[in-house]
A.B. asks: 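Here it is: the structure, laid out below.
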Amino acid sequence: QVQLVESGGGLVQAGGSLRLSCAASGRTFSSYTMGWFRQAPGNEREFVAAISWSAGSVYYADSVKGRFTISRDNAKNTVSLQMNSLKFEDTAVYYCAATVVPGASRYQTHYRHWGQGTQVTVSS
């Protein structure tokens with residue numbers, strides 16, 4: 001069992017940057033693939049980025065590729081999402097999630113553990 005707590009959300013102007021962090025409890029964090037998802041008002045939750053347990057495999061949604069970077073620190077049980085060149089359409093609640101499925105999965109149904117989310121608001 002793993003519990004996830006996101007932090008780092010906030011209000012930023014378009015073109016700015018934010019860094020989200022997700023702290024995980026449990027001693028088996030290093031065995032989980034970790035993902036970031038987001039949900040904008042009126043929209044379904046969508047995939048943002050994922051990273052395998054060893055960080056050997058990462059995967060990004062086309063909409064964030066080249067702007068966002070996912071990373072993890074297994075010693076600190078954390079996964080981060082560096083978001084640069086933010087756009088108004090990046091505004092959403094961002095969720096951290098964990099799965100035992102190997103590889104950097106983009107499928108929400110693979111993820112069993114979810115955080116409560118952190119709000120990111122980008123002003124135009």
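All values below were derived from every heavy atom in this structure, side-chain atoms included, with hydrogens, water molecules and symmetry-related copies excluded. A quick note: this is a predicted structure, and the numbers were derived from the prediction, not measured.
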A.B. asks: Less than 3.5 Å apart, any donor N or O on the side chain of N84 or S17 sitting next to an acceptor on the other?
C.D. replies: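 The answer is yes; a qualifying pair exists.
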A.B. asks: Which residue pairs satisfy the ring-ring contact (aromatic ring centres under 6.0 Å, His included) criterion with at least one member in residues 49-70, sequence neighbours excluded?
C.D. replies: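 Residue pairs with at least one partner in residues 49-70: F47-Y59.
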A.B. asks: Do Y95 and V64 belong to the same hydrophobic cluster, where Ile, Leu, Val, Met, Phe, Trp and Tyr are linked whenever their side-chain heavy atoms lie under 4.5 Å apart, directly or via other members?
C.D. replies: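 No, Y95 does not connect to V64 through the hydrophobic network.
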A.B. asks: Quick one: pull up OG in S124 and NZ in K87 and give me the separation to the nearest 0.5 Å.
C.D. replies: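 Answer for the OG-NZ pair, S124 versus K87, is 13.5 Å.
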A.B. asks: Got L18 and V120 here, is their nearest side-chain heavy-atom distance under 4.5 Å?
C.D. replies: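 Yes - at least one pair of side-chain heavy atoms lies under 4.5 Å apart.
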A.B. asks: Would you find a donor on one side and an acceptor on the other, under 3.5 Å apart, between the side chain of E6 and the backbone of G117?
C.D. replies: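 Yes, because the side chain of E6 sits within donor-acceptor range (under 3.5 Å) of the backbone of G117.
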A.B. asks: Around atom CD of Q119, are there more than 12 heavy atoms from other residues, nucleotides or ligands closer than 6.0 Å?
C.D. replies: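 Atom CD in Q119 is packed in, count exceeds 12.
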A.B. asks: Where is the tightest heavy-atom contact between R67 and D90, given as atom of each residue plus distance?
C.D. replies: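 For R67 and D90, the tightest heavy-atom pair comes out as NH1-OD2, 2.7 Å.
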A.B. asks: Would you say Y111 and F29 are hydrophobically clustered, going by side-chain heavy atoms of ILVMFWY under 4.5 Å?
C.D. replies: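 Y111 and F29: separate clusters.
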A.B. asks: Does the Lys NZ or Arg CZ of R106 fall within the cation-pi geometry relative to F37 - under 6.0 Å from the ring centre and within 45° of the axis?
C.D. replies: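 Judged by the rule, R106 and F37 form no cation-pi pair.
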A.B. asks: Between S30 (side chain) and N74 (backbone), is there a donor-acceptor pair under 3.5 Å?
C.D. replies: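 Checking the backbone N and O of N74 against the side chain of S30, no donor-acceptor pair under 3.5 Å is found.
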A.B. asks: Within the side chain of N43, is there an N or O that forms a donor-acceptor pair under 3.5 Å with the backbone of A40?
C.D. replies: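 The answer is no, because no donor-acceptor pair under 3.5 Å joins these two groups.
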A.B. asks: Any heavy-atom pair between the side chains of T99 and Y32 that's under 4.5 Å?
C.D. replies: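 No, their side chains stay 4.5 Å or more apart.
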A.B. asks: Tell me whether S21 contacts the main-chain N or O of S80 through its side chain, where contact means a donor paired with an acceptor under 3.5 Å.
C.D. replies: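 Looks like no, no N/O pair under 3.5 Å.
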A.B. asks: At their closest point, which heavy atom of T33 faces which heavy atom of S52, and how far apart are they?
C.D. replies: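 The pair with the smallest heavy-atom distance is OG1-CA, 3.8 Å.
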A.B. asks: For A50 and S105, which heavy atoms make the closest approach, and how far apart are they?
C.D. replies: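 What the structure gives for the nearest pair is CB-O, 3.3 Å.
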A.B. asks: Please indicate whether R19 has more than 12 foreign heavy atoms, meaning atoms of other residues, nucleotides or ligands, lying under 6.0 Å from its CZ.
C.D. replies: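 More than 12 heavy atoms, drawn from other residues, nucleotides or ligands, come within 6.0 Å of this atom.
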A.B. asks: Membership question, hydrophobic clusters at under 4.5 Å side-chain separation (ILVMFWY): are L86 and V93 in the same one?
C.D. replies: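 No; L86 is not reachable from V93 via cluster members.
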A.B. asks: Give, for atom CZ of R72 and atom OG of S54, the distance between the pair rounded to the nearest 0.5 Å.
C.D. replies: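 Those atoms lie 8.0 Å apart.
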A.B. asks: Membership question, hydrophobic clusters at under 4.5 Å side-chain separation (ILVMFWY): are V58 and W36 in the same one?
C.D. replies: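 Yes, because W36 and V58 connect within a single hydrophobic cluster, where side-chain heavy atoms sit under 4.5 Å apart.
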A.B. asks: Applying side chain to side chain contact (heavy atoms under 4.5 Å, CB included) between C96 and each of V79, T118, L81, L20, report the one that passes.
C.D. replies: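 With C96 as partner, V79, T118, L81, L20 yield a single side chain to side chain contact (heavy atoms under 4.5 Å, CB included), made by V79.
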A.B. asks: Assess whether side-chain contact (heavy atoms from CB on, under 4.5 Å) is satisfied between R38 and E46, documenting all intermediate values.
C.D. replies: CA-CA 5 Å; R38 67 186 182 186; E46 64 177 8; 2.6 Å; yes
A.B. asks: Checking R45 side chain against Q39 main chain: does a donor-acceptor pair fall under 3.5 Å?
C.D. replies: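 Checking the backbone N and O of Q39 against the side chain of R45, no donor-acceptor pair under 3.5 Å is found.
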A.B. asks: Do W114 and Q3 touch side chain to side chain, with heavy atoms closer than 4.5 Å?
C.D. replies: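 They are not in side-chain contact.
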A.B. asks: Less than 4.5 Å apart, any side-chain heavy atom of Y94 and any of M83?
C.D. replies: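 When only atoms from C-beta onward are counted, M83 and Y94 do touch, with a gap below 4.5 Å.
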A.B. asks: Kindly compute the distance separating CE (M34) from OG1 (T78), expressed to the nearest 0.5 Å.
C.D. replies: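 Answer rounded to 0.5 Å: 9.5 Å.
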